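Predicted, not measured: the structure shown is a model, and the values here were computed from it. Remember, it's 1-based here, ligands and their atoms both numbered in the order they're listed. In what follows, residues are counted from 1 in the order of the sequence shown.
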Amino acid sequence: MSQRFYSTNSPERFVDVREAVLRSLPADNGLYMPENLAPLPPEFWKKWRDLSLSEIGVEVARAIFLDSVPADVMERIVHEAANFPAPMVSVRERESVLELFHGPTLAFKDFGARFMARLMGWLTRNDKSLLTVLVATSGDTGGAVASAFHNVPGTRVIILYPKGKVSGLQEKQLTTLGGDITALEIDGTFDDCQRLVKSAFLKREMSEKLNLTSANSINISRLVPQSFYYFEAAKNLPKGVKPTFVIPSGNFGNLTAGLLAERLGLEVDSFVAATNRNDVVPEYLREGEYRPRPSVSTISNAMDVGAPSNFARMENIFGNEWASMKKRISGFAFDDGVTRETIRRIKSETGYTLDPHGAVGWLAAEAWRESHPEAHTVVLETAHPSKFLDVMEEELGEGSVEIPDRLACLADREKVAIGMDADEGGFHTWLKSLS
Ligand SMILES: *Cc1c(COP(=O)(O)O)cnc(C)c1O
């Protein structure tokens with residue numbers, strides 16, 4: 001059986017895997033969800049604790065994509081995408097951290113981006129033109145997407161980033177890969193970059209000729225591999241212990257992936273959503289009113305989101321019932337002051353270094369444990385502390401955080417970027433010159 005995908009805004013209309021993955025967004029502004037989600041079969045549950053992360057991933061991905069992707073292809077895609085570990089670290093008794101930052105760009109987004117890149121490459125294998133991924137970035141997303149598509153046959157990536165507005169190492173992540181990755185350094189803001197990207201998609205002829213896709217974060221294929229590591233974490237707990245997952249959240253893709261894992265039969269005690277001051281979802285869970293608003297800046301900036309894009313999926317999973325969502329998910333929000341204090345306190349009490357996002361998660365885990373002292377909390381550590389060197393050194397001192405080799409070595413590589421004005425005409429002329 002093939003999988004079909006519906007839009008959260010029109011559950012009676014279905015598209016196939018190609019449409020859902022290559023288009024990302026349904027025309028009705030909803031989000032794609034898989035129609036058929038059944039618990040994994042008994043054979044899986046007999047052996048799952050003995051499987052590796054990528055072996056689990058193969059089973060999970062097949063349960064979601066069904067026969068829409070041949071078994072051997074899916075096996076290859078998963079093994080290539082999830083080719084780095086997600087270790088569980090026991091920081092204190094019944095307080096674990098799941099480290100999701102061992103991929104090439106040091107954040108959990110590597111799982112989603114690497115899987116999506118390979119799936120897109122396979123879906124377009126017989127197309128006449130290359131798949132062209134157009135992405136605007138204010139820093140991190142571009143790096144994860146570029147790295148993920150690097151050397152994936154049949155694809156190329158064009159990244160637009162605002163000149164002088166991304167950090168030095170971030171810029172190196174965007175501009176040193178070469179090959180099928182082209183970086184455009186736009187003389188403007190991130191909003192200009194986004195405007196240029198949108199303008200290209202609106203030109204139908206160009207969009208079709210270049211086989212444009214956006215590879216953005218609401219793509220269903222980015223969520224699927226993020227559910228793998230929930231199983232990986234659970235399998236590392238003693239038999240019979242159900243984890244409480246604590247998820248530092250912005251657009252709530254990671255948390256939604258956890259809900260998918262639960263739909264596939266994973267036993268979870270509870271989900272805890274942790275946010276910084278951008279607390280639209282904790283507020284909704286408390287009061288029943290969803291009030292999206294402009295985001296405010298914080299030190300956990302990957303979670304500075306005022307209108308979480310995956311909220312529609314969460315509502316859909318709970319049948320649009322606030323009471324049902326509230327039963328499974330609790331929400332807590334924290335400001336920068338207490339987040340900084342937590343980075344220092346946990347380092348001195350346990351020796352463990354939390355990044356600002358993980359520290360927000362840690363605080364939510366502590367808040368949860370106050371009313372659930374028997375819980376076994378698993379905080380998802382979403383990024384490596386060295387990605388936020390300024391904050392870390394302010395709290396823990398200079399030289400306190402080591403920069404992993406795969407990031408540090410970029411410093412010596414030569415930046416290659418094409419400078420461009422923030423002007424649609426010039427950008428379109430340049431795009432047209434591509435073959
Ligand atoms: C993207 C990101 C988040 C937020 O994840 P969502 O899936 O958008 O909720 C949290 N931490 C880090 C480091 C991120 O890069």
Self-check item: Heteroatom proximity flag, Phe252 to ligand 1, N/O under 3.5 Å
Solution: yes

Self-check item: Asp304 side chain near Asn276 side chain, heavy-atom distance below 4.5 Å
Solution: yes

Self-check item: Contacting atoms of ligand 1, where contact means under 4.0 angstrom from a heavy atom of Lys109
Solution: 1 (C), 2 (C), 3 (C), 14 (C), 15 (O)

Self-check item: Pair Asn219, Ser221: side-chain N/O donor-acceptor within cut-off below 3.5 Å
Solution: yes

Quiz item: Do we see a donor-acceptor contact under 3.5 Å between the side chains of Asn316 and Arg313?
Solution: no

Quiz item: At a 4.0 Å threshold, what atoms of ligand 1 neighbour a non-hydrogen atom of Ala383?
Solution: 13 (C)

Quiz item: At what distance, to the nearest 0.5 angstrom, does NE2 of His384 lie from CG of Leu407?
Solution: 9.0 Å

Quiz prompt | Enumerated ligand 1 atoms positioned under 4.0 Å from heavy atoms of Ser249 | solution = 9 (O)

Self-check item: The one among Asn254, Thr382, Asp355 that brings a heavy atom closest to atom 7 (O) of ligand 1
Solution: Asn254

Self-check item: Short N or O distance, Ala107 and ligand 1, threshold 3.5 Å exclusive
Solution: no

Self-check item: Arg222 side chain vs Arg114 backbone, donor-acceptor pair below 3.5 Å
Solution: no

Self-check item: Which segment of Lys387 sits under 4.0 Å of ligand 1 when only heavy atoms are counted
Solution: neither

Quiz prompt | Sub-4.0 Å atoms of ligand 1 with respect to non-hydrogen atoms of Met303 | solution = 10 (C)

Quiz item: Which atoms from ligand 1 have a heavy atom of Gly253 less than 4.0 Å away?
Solution: 6 (P), 7 (O), 9 (O)

Quiz prompt | Where Leu237 and Pro243 come nearest, the two heavy atoms and their spacing | solution = CD1-CB, 3.5 Å

Quiz item: Among all protein non-hydrogen atoms, which one is nearest to atom 8 (O) of ligand 1, and what is the separation to 0.1 Å?
Solution: Asn251 N, 2.8 Å

Quiz prompt | Which residue and heavy atom of the protein sit nearest atom 5 (O) of ligand 1, plus the separation | solution = Phe108 CZ, 3.4 Å

Exercise. Please check if any side-chain donor atom of His357 sits under 3.5 Å from a side-chain acceptor atom of Thr382, or the reverse.
Key: no

Exercise. Determine which pairs satisfy salt bridge (Lys or Arg N to Asp or Glu O under 4.0 Å) with at least one residue from residues 20-31, sequence neighbours left out, and list them in order.
Key: Glu19-Arg23

Quiz item: atom 4 (C) of ligand 1: which protein heavy atom is closest, and how many Å away?
Solution: Gly250 N, 3.6 Å

